[in-house]
There are 2 protein chains.
Amino acid sequence: MCGCGNKGHTCECQGPRMERFIQPCMLLLLHEKPAHGYELMERLKEFGFEDGADPGLVYRNLRKMEESGWIESEWETEGAGPAKRLYKITAEGIDLLHDWSLHIERGIERLRNFQERYRQSFGKDN
Amino acid sequence: MCGCGNKGHTCECQGPRMERFIQPCMLLLLHEKPAHGYELMERLKEFGFEDGADPGLVYRNLRKMEESGWIESEWETEGAGPAKRLYKITAEGIDLLHDWSLHIERGIERLRNFQERYRQSFGKDN
DNA sequence: ATCATATATATGACAAAAACATATATAGAA
DNA sequence: TTCTATATATGTTTTTGTCATATATATGAT
């Protein structure tokens, strides 16, 4: 079901497709502290989403992740500006984050393996 | 245009979307030695495409990459079995492969950064 | 002989993900 | 009052990946 290749391990993060990297990043940010979407958009820069992630991607992912029970939210009407939805990670979300970390570890191995083979193919000795 | 974040560098590999990892893998395999699609499908296992890559993905990518001038092919009717299309990497393909390697290096950094932050967030000291 | 299997390429249909554009509303500053 | 920053949301399109299936050749087993 999971396909991540970690022996005896199944999880919900559905395989090694790195484009969904935004999902574990959001989970980790929400584990660090509860936040709303707009703030996450900014903070995602720290994970390599250069110009701040696309709003569509962020908000749609938030809703999807809430549906799945990995995060939960409540409206915050207090304070300046328009109402914001404050998201928190759930216990299930934390489990998923651990699963993702295993995936990502394998991802690193895959990429390093590529790089080594690349260097060999071009006769570079480091 | 490129968005890979390597300073003063533009290239054709269009940003940091790792799901296209199959592309640099095929380029590297073809740099190691000319091959046909079926063979690549098998050899891709060595890069983490667990059960051998999907034929649709492989063959469609081959045609696309040939259109782009990164690889070129000729029919091989000799030898056992049905006719096969033998692919070789071109000079442009080799350039692209170097570009990809830079991308992948950044990918590794991004993932390692994630892992470190993950460990910090859960108070793990290694 | 013919049947199953391995080799080999290809395409159609669909689903998922991301990119790009736009709509909306609030509040504060110029 | 107009502009900007904050904040959430959705519609459309393109790209990418998955799954299924069609095709053809050769070889080994029965």
Side-chain angles (χ1 to χ4, degrees), chain A residues 1-3 12-26 34-45 47-68 71 73-87 100 103, chain B residues 1-4 12-26 34-45 47-68 71 73-87 100:
Chain A
M1 190 227 242
C2 149
E12 289 181 273
C13 40
Q14 298 164 264
R17 301 175 53 189
M18 294 316 285
E19 78 277 20
R20 289 200 257 131
F21 188 48
I22 198 172
Q23 207 182 88
C25 289
M26 291 197 296
H36 50 272
Y38 196 79
E39 196 190 332
L40 289 177
M41 261 168 57
E42 280 301 305
R43 289 211 278 153
L44 278 165
K45 286 178 188 167
F47 287 99
F49 296 82
E50 315 279 342
D51 320 306
D54 181 273
L57 195 52
V58 170
Y59 288 109
R60 261 188 275 249
N61 262 284
L62 284 172
R63 283 158 158 280
K64 203 173 151 192
M65 287 165 75
E66 187 164 28
E67 258 184 76
S68 304
I71 58 176
S73 72
E74 47 187 62
W75 281 103
E76 228 189 23
T77 43
E78 324 264 308
K84 44 198 150 198
R85 212 187 261 276
L86 189 74
Y87 285 94
W100 262 109
H103 263 355
Chain B
M1 187 230 242
C2 149
C4 76
E12 289 180 271
C13 40
Q14 297 161 264
R17 299 176 54 190
M18 294 317 285
E19 78 276 22
R20 289 201 256 128
F21 188 49
I22 198 172
Q23 207 181 88
C25 289
M26 291 197 296
H36 51 273
Y38 196 79
E39 195 190 333
L40 290 178
M41 262 168 57
E42 279 300 305
R43 288 211 280 152
L44 279 164
K45 287 178 188 167
F47 287 100
F49 295 82
E50 314 280 340
D51 320 304
D54 182 274
L57 194 54
V58 169
Y59 287 109
R60 264 189 274 251
N61 263 284
L62 284 171
R63 284 158 158 280
K64 203 173 152 192
M65 288 166 73
E66 187 163 30
E67 259 184 73
S68 305
I71 59 176
S73 72
E74 47 186 60
W75 281 103
E76 228 190 23
T77 43
E78 323 264 310
K84 43 199 148 195
R85 212 186 261 278
L86 189 73
Y87 285 95
W100 263 109

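Note on naming: letters A, B, ... go to the chains in the order of the sequence lines (proteins, then strands), and numbering restarts at 1 for each one. Computation of the quantities below employed the complete heavy-atom set of this structure, encompassing side-chain atoms and omitting hydrogens, waters and symmetry-equivalent molecules.
- Side-chain contact check for A/Y59 versus A/M41: some heavy-atom pair is nearer than 4.5 Å.
- As rounded to whole Å, 13 Å separates atom C1' of C/dA17 from atom CE of A/M26.
- The side chain to side chain donor-acceptor pair (under 3.5 Å) check on B/E76 picks up nothing, with sequence neighbours excluded.
- Listed by chain and residue number, nothing satisfies the salt bridge (Lys or Arg N to Asp or Glu O under 4.0 Å) test with B/R85 (two or more places apart in sequence, or in another chain).
- Looking at residues two or more places apart in sequence or on another chain, you find a side chain to side chain contact (heavy atoms under 4.5 Å, CB included) between A/P24 and A/F21, A/W100, A/I104, B/F114.
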Scoring nucleotides 6-14 of chain C by protein non-hydrogen atoms under 4.0 Å (B base, S sugar-phosphate only, - none) yields -BBBBBBB-

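- Listed pair A/K64 / C/dA16 fails the phosphate criterion, with no side-chain N or O lying under 4.0 Å from OP1 or OP2.
- When rounded to the nearest whole Å, the span between CD of A/E76 and C1' of D/dT6 equals 13 Å.
- The side chain to side chain contact (heavy atoms under 4.5 Å, CB included) check on A/E42 picks up A/K45, with sequence neighbours excluded.
- Rounded to an integer number of Å, the gap from CD1 of A/I22 to C1' of C/dA16 is 15 Å.
- The side chain to side chain contact (heavy atoms under 4.5 Å, CB included) search around B/P82 returns none, not counting sequence neighbours.
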